[in-house]
Amino acid sequence: MKRVFSLTEKSLLGFPIQYVMIVRYTVTCYAMDWDNDGNALAIIADKSSSIYLWDPNTMKTSLLDSSMRDQMSFLLWSKAGTLLAVGTSKGSLLIYNLQTSRKIPVLGKHTRRITCGCWSSHNLLALGSEDKMITVSNQEGDTIRQTAVRLEPSDIQFSVMKTDERASPGESTISVVVGKKTLFLFNLNDPDNPIELAFQQRYGSIVTHRWYGDGYIMIGFSLGFFVVISTHMREIGQELFQAHNHNDNLTSIAISQSLNKAASCGDNCIKIHDLTELKDMYAIINLDDETKGLDKLSWTDDGQLLAVSTQRGSLSVFLTKLPVLGDTCGTKIAYLTSLLDVTVANHVEGELPITVSVEVEPNFLAIGPYHLAVGMNNRAWFYALSENGIDKLKDMEYLGSVASMSLNSDYAAALFEGKVQLHMIESDGLDQEERETRLFPKTDDTYRILCHVLTGDFLIYGTNTGLIKYFYLEDWQFVNEYRHSVSVKKLFPDAAGTRLVLIDEKAEGFVYCSMNHNLYEIPNFSPTIKGILWENWPLDKGAFCAFDDDKIYTYVFHKDTIQGSKVILAGGTKLPFSHNPVLLHNGELTCQTQSGILSNIYLTTHSFLSNLKDAGPSDLKRMLTQTLMLRRFSDAWEVCKLLDDHAGWNELARACLHHMEVEFAIRVNRTIGSVGMVMSLEQIKGIEDHNLLAGHLAMFSSDFNLAQDLYLASSSPVSALEMRRDLQHWDSALQLAKRLAPNQIPFISKEYAMQLEFTGDYVNALAHYEKGITGDNKEHDETCQAGVGRMSIRMGDIRRGVNQALKHPSRLLKKDCAAILESMKQFSEAAQLYEKGQYHDKAASVYIRCKNWAKVGELLPNVSSPKIHLQYAKAKEADGRYKEAALAYENAREWDNVIRIYLDHLNNPEKAVGIVKETQSLEGAKMVARFFLRLGDYGSAIQFLVMSKCNDEAFQLAQQHNQMEIYADIISSEDTSKEDYQSIALYFEGEKKHFQAGKFFLLCSQYARALKHFLKCSNTDEDMAIEMAIETVGQAKEELLTNQLIDYLMGESDGMPKDAKYLFRLYMALKQYREAARTAIIIAREEQSAGNYRNAHDVLFSMYTELKTHRIKIPAEMATNLMILHSYILVKIHVKRGDHMKGARMLIRVANNISKFPSHVVPILTSTVIECHRAGLKNSAFSFAAMLMRPEYRNKIDVKYKKKIEAMVRRPDNTEVEEDTSFCPYCGFQLPECELLCPGCKNNLPYCIATGRHMVKDDWCVCPHCDFSAIYAEFKTLLDSEATCPMCSEGLTAAQLKRVLDCSSYLQQDHEEQ
């Protein structure tokens, strides 16, 4: 806020103010006042009854005689008209009309001095006097209202109180300050109920008050406070706002309605508030040199100047509101920052602002890319804007007062008096004379230009006749013309000039596209719109905003949508008071204010550009809607990512289709997994025909009528027909086919007929089927003929329909027609068609309904339906033809009826029994049981009763006829309950059949009773009884029963120990594997002693396997015995194969442990001598021959070998084939192949079950059944002649062997077992 000028008592003559006239009077001036038009200054003087009138136009003073002897005390001009009211010290009144020179004296208006007064807008005069009366008079001086107050009145004002409804127009309320303490409100319409308001004492006395707004009063108090109250009856007496603006005193307040500002002065400062938000301080003006304080304060009517007088007689005037002048070019802004300063700024590009000092206060300015123009009236000054600063170019006078001006890089265009002058800003003088200047319009044109703009390439102007003309600067000629229906008031082009917004004289707005001469109405366009700003952000060129004094409306021009180009309203934003928008860039609106500064506002339609990360779901949904309206798809993508809502992605996808953004639509649909849409869009994305592409997208958006219109306007109108066919809109498809593809009518008719048939419209379906027959398309015609057949039957023309079906090659048609006939109760024709169509089941079913059993019999071999066979069987049974009935029942799988026929009618129980056993029929079993019961065959009866789940009946029958053993045998193989088993057990217990009783007590889990009976069994059943007792104890797992059985086996109860094998089996059943292992060793030792080496081997092997399975350490004795026994078994295998070396080596191992074979010492030693001799092991043969020569063995040698052995001993041969060596699998030490103890690492080595040699790492395999190790090559060779594993005796082939590449697990296992 700038101080314009000051007048002080010391420097009046030195200040550059031109004094119009100094009027000198010989008397002291008491009061003065200007009339409403400023044509007369009235002055009253002290001790004078005359009135001085000074005319500023003639510079003359006239004296007006009041015709009153009293001294003048009050003077006031009316607000409307030229009435002057003058009051006297005695209370008289004079009303003088300046225009008519009429004087109206009113004597005795008051009884004492008139001190204050006020005119209303309707020329009512309110006066206050020292007599404490307030009078209201009309312009004739007649008193129409009067009222008394308690103290002396002052500061009278007219206004309107705030009410819910206005009682009458005009100012009807008088406000008066009474005694400097209270505010008195006197309503002329309610004179009997005045209101007097008192205030807090701490405020001080009332200095002044001012009305503003809708019945609000601002009151200033002497101690620096000011208070705002409302005059509404519900709010009266309440302080709406209170502020202590000044510390010491407040001397005056002033309100500017045009600025919407309030100012108070006091101390030595002025404070200004915004009336819309009184809490906010708008400005503070300090006058530090005014030591005596400030006095009065006043605004000009337009609010541009604020004057303040001081106690020491000086006057200061401040500029509070600049003329709002500004212009933009791209993102560059030129605006008035003081009366003689213009600032050029470009905040978007980050350029520093430049201030240009101009010579006069301009009333227009214009900015171009490189120039600035300012002007006043008909004159303009041009400045060049360069990097080096500001250069003044020239000034130019026009033929009239310039209304507006526009610049581009080379030209200036000025509008004045309905014309536009176009001229170059800087002339280079090179053959440009014809382009120096041009005046529009030509002299012979009758229109007047109302508005104009200058873009980079065009001069565009609008006229009072509705013409919009484009003048192309490059070719210096008109290139485009559009005629609007009414005159064009304003034009606002975008940066390129190809689109512009026009506002016509009806205050309606349109977007005009010069490329295609199309005009688009702007929806919801307010008639108060003052201007338009296009978006300057390069990526958002379709957006623009329209603004009036209060609001900004954001619009978007959608050029490419499936519905064509259109303008939509995106939203509105509140415009702060006294803000004038000048630039829009990426949703940020730059506004010029009355104080000469720029202010930025963010449009609410662009809220997604800020705080996106902090927004909640509801805010994100609103932002998504904004981005889609503005076609900001990249921003919409980011919003959808944050929203993470499928509905949001779908909305974005639909918007992309609407705006024909195919690539972006593909991206969105790929994200949401819409595969079908992606594939469809990929197929159409290369289409260049705009209408065809839009048609496809409209179809994808389900707007089929729009899609059809677009298809028909495209290069491929047949697409509309294809769409309607795909949608099954047959009526539309037929209409389109008549125009676009008549050859398709039969095919569409067929498809339409099929739909009509489905919906039950058979009449129209028949007509369309008949239209569909072409005569040259066999498959299509057959379908239509089939439809004709079906529809004929539906319509009652059965003969035609049946004939059509019989002639037609389709089996399905015969079935369909037959089904229709069947539903119509035409069974004969239906059966005939079923039979012709080879639907034998259906034909037979319909023939049965006709009772045509002969036909049914003919069809029966081809019928598969059990229901039909059952119906036929019942019919044949009723006729007494039982064999045919039985066969039919059998085909119907009605086994109970088959059994019944065979038993009751055909007397063939064998067949019935066979069927029962095959089918497990419960009812059939009952019938057979009853049959055998009648014959007295109780065993068979019991068997079939059990089969039929009649266990109680079977038990009673067995009990009655002493057939319990048969019953028991049968029931033990069935799924029987424990109660049945208990019944049998109790029966056998009563019969003293201990084994049977024990068996069935075991089955019903009564283990103690079962064991008791097993141990009571006779010698004949002893072996089986002990086995069952072991099983019983194994299942029971009760220590008492276990001990009882062990005592029995050890002979404690009867003094007769039982075979050790039973004890072994007991331990195995109890899973006491360690005890079982010890028992197994004992059993194996006994078997060895008895010479049963294979049995001993098998016992040890099975025990070895059990212990290994349960991860129990193998006893060393068991492992050694098993190895020796297995070596003995291998001897027979290798000798049989003729491999005497392997046989001899195993025999040597056995002979070295000959004490374990006491029953066959001599035969084993003899075999060892013979095999060693054959294998060339002469020294070993001699050793064992010498052993045989011992006295205890010599006489037992077989006679045929005795002499040879004796000769061997007499003539010893100590030669020996040295044994091959191989590596230890643990440590790699080289040792003889048959050695099983490594001298290097002291480990017992695993042996090969095929050769008895120790294992080697690189040729390892295992038996797939018993998991014992073997040398792969040797085992494979052995299996060429043997078919079983030598260890477990399971069947095995060489193909089943797999070489083990990593044998570490087997070595670890053997090591742990040791």
Side-chain angles (χ1 to χ4, degrees), residues 537-543 556-566 568 570 586-587 605-708 710-711 714-716 719-720 722-728:
W537 193 52
L539 301 180
D540 197 10
K541 291 188 175 178
V556 188
F557 177 62
H558 291 163
K559 180 177 180 294
D560 294 317
T561 72
I562 58 176
Q563 297 174 348
S565 301
K566 61 180 179 180
I568 66 159
N586 197 18
T605 52
H606 290 65
S607 61
F608 58 88
L609 294 173
S610 61
N611 64 8
L612 197 59
K613 296 288 177 64
D614 302 328
S618 58
D619 292 332
L620 287 173
K621 289 179 181 177
R622 178 175 49 79
M623 291 176 181
L624 178 61
T625 303
Q626 292 174 357
T627 56
L628 297 182
M629 280 188 178
L630 296 170
R631 298 183 72 252
R632 303 276 289 253
F633 296 115
S634 297
D635 294 311
W637 178 275
E638 296 302 323
V639 173
C640 284
K641 282 168 63 178
L642 290 173
L643 190 59
D644 194 21
D645 177 36
H646 196 70
W649 286 108
N650 284 332
E651 189 175 351
L652 175 56
R654 287 193 296 271
C656 291
L657 295 181
H658 179 77
H659 292 285
M660 302 179 67
E661 293 287 341
V662 179
E663 291 289 351
F664 208 93
I666 291 172
R667 180 183 171 194
V668 175
N669 281 286
R670 186 174 284 125
T671 301
I672 62 179
S674 181
V675 179
M677 183 62 78
V678 171
M679 294 177 67
S680 300
L681 291 171
E682 288 282 359
Q683 291 174 359
I684 67 168
K685 69 179 181 181
I687 295 176
E688 295 182 358
D689 185 332
H690 183 276
N691 287 330
L692 182 58
L693 178 61
H696 287 313
L697 295 175
M699 180 177 66
F700 296 161
S701 302
S702 301
D703 193 345
F704 305 118
N705 292 332
L706 175 62
Q708 176 174 317
L710 291 166
Y711 281 139
S714 72
S715 58
S716 177
S719 297
E722 294 169 359
M723 178 192 72
R724 291 299 184 184
R725 288 185 66 173
D726 291 339
L727 293 170
Q728 298 185 357

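We use all heavy atoms of the structure for the numbers below, so side chains are in, but hydrogens, waters and symmetry mates are not.
- Once rounded to the nearest 0.5 Å, the distance linking CZ of Arg724 with CD of Gln708 reads 4.5 Å.
- For Glu682, the side chain to side chain donor-acceptor pair (under 3.5 Å) criterion is met by Arg670, Lys685, not counting sequence neighbours.
- Remark: Asp619 CG to Leu624 CG distance equals 12.5 Å, nearest 0.5 Å.
- Residues Gly695 and Ala707 come closest through the heavy atom pair O-CB, 3.4 Å.
- Contacts classified as ring pair (Phe, Tyr, Trp, His ring centres under 6.0 Å) and involving residues 607-633 (residues at least two apart or in different chains) are given here: His606-Phe608, Phe633-His659, Phe633-Phe664.
- The shortest distance between side-chain heavy atoms of Ser607 and Gln626 falls below 4.5 Å.
- For the ring-ring contact (aromatic ring centres under 6.0 Å, His included) test, residues two or more places apart in sequence or in another chain that qualify with Phe557 are Tyr520.
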Where do Ser715 and Asp689 land on the side chain to side chain donor-acceptor pair (under 3.5 Å) test, with the steps shown first?
CA-CA 7 Å; Ser715 58; Asp689 185 332; 2.6 Å; yes
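- In this structure, the separation between CD1 on Ile687 and NE2 on His696 is 3.5 Å, given to the nearest 0.5 Å.
- A heavy-atom distance below 4.5 Å is not found between the side chains of Thr627 and Trp637.
- Taking all atoms of both residues into account, the shortest heavy-atom contact from Ile562 to Ala694 is CG2-O, 3.7 Å.
- Contact check for Val639 versus Leu652: no side-chain heavy atoms found under the 4.5 Å cut-off.
- Note that OG1 of Thr561 and CD of Glu661 are 11.5 Å apart. Values are rounded to the nearest 0.5 Å.
- Taking Ser719 as the reference, Leu692, Tyr711, Ser716, Glu722 meet the side chain to side chain contact (heavy atoms under 4.5 Å, CB included) condition, with sequence neighbours excluded.
- Counting all heavy atoms, side chain and backbone alike, Leu643 lies closest to Leu620 at CD1-CB, 3.8 Å.
- Smallest separation of non-hydrogen atoms from Arg631 and His558: CD-CD2, 3.4 Å.
- For Asn586, the side chain to side chain contact (heavy atoms under 4.5 Å, CB included) criterion is met by Trp537, Leu609, Arg632, not counting sequence neighbours.
- For the atom pair Phe700 CZ and Ile684 CD1, the distance stands at 4.5 Å (nearest 0.5 Å).
- Residues Met677 and Leu657 form a side-chain contact, since some pair of their non-hydrogen atoms from C-beta on lies under 4.5 Å apart.
- The stretch residues 639-653 participates, sequence neighbours left out, in these salt bridge (Lys or Arg N to Asp or Glu O under 4.0 Å) pairs: Glu638-Lys641.
- The minimum heavy-atom distance linking Thr605 with Leu630 is given by the pair O-CD1, 3.5 Å.
- When side chains are defined from C-beta on, Thr625 does not count as touching Arg622, because their heavy atoms never get closer than 4.5 Å.
- The minimum heavy-atom distance between Ala615 and Met623, with the atom names listed, is CB-CE, 3.9 Å.
- In this structure, Leu697 and Leu710 have side chains that are not in contact, with every pair of non-hydrogen atoms separated by 4.5 Å or more.
- Note that OG1 of Thr671 is 5.0 Å distant from CH2 of Trp649, once rounded to the nearest 0.5 Å.
- Counting heavy atoms from C-beta on, the side chains of Asp560 and His690 come closer than 4.5 Å.
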